[in-house]
Amino acid sequence: MQVTYFWIGLMIILLLLDLWVINSVWRSDNTSGSKAGWTAVVVLLPFVGAAIWAVFGPRGVTKGPSSPEHSKG
């Protein structure tokens with residue numbers, strides 16, 4: 001029984017990692033084609049795709065919204 005929970009937990013962590021990678025890819029400064037390619041690699045090869053992205057992926061991330069209305073606390 002405990003082994004099942006281990007694998008479920010591992011899959012949830014992998015899913016969250018892949019979602020984070022895809023978010024980072026789409027916030028980068030690269031072209032749409034490059035973003036689509038990285039997304040396909042990460043979706044088709046979840047663990048390996050995230051590892052490849054960590055080594056060769058885009059480095060520049062655009063900044064989020066910076067309007068004064070958005071920054072209110």
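Atom set for the values below is all heavy atoms of this structure, side chains included, hydrogens, waters and symmetry mates excluded. Bear in mind that the values here come from a model prediction, so they are computed numbers and not experimental data.
- Other cluster members for L16: I8, I12, joined by side-chain heavy-atom distances under 4.5 Å among Ile, Leu, Val, Met, Phe, Trp and Tyr.
- The shortest non-hydrogen separation linking W53 to S24 is CZ2-CB, 3.7 Å.
- In this structure, the side chain to side chain contact (heavy atoms under 4.5 Å, CB included) partners of I52, at least two apart in sequence or on a different chain, are W38, V48, F56.
- S28 places a side-chain N or O within donor-acceptor distance of the main-chain N or O of V25, the cut-off being under 3.5 Å.
- In this structure, V41 is not a member of the same hydrophobic cluster as V43, with clusters built from ILVMFWY side-chain heavy atoms closer than 4.5 Å.
- For the atom pair CZ (F47) and CD1 (I13), the distance works out to 11.5 Å, reported to the nearest 0.5 Å.
- What you find for A50 and L17 is that their closest heavy atoms are CB-CD2, 3.9 Å.
- Side-chain heavy atoms closer than 4.5 Å link hydrophobic residues (I, L, V, M, F, W, Y) into clusters, and following such links, even through other members, never connects L19 to V42.
- A side-chain donor-acceptor contact under 3.5 Å links T39 to the backbone of K35.
- Taken from CG in L10 to CG in L15, the straight-line distance is 11.5 Å, to the nearest 0.5 Å.
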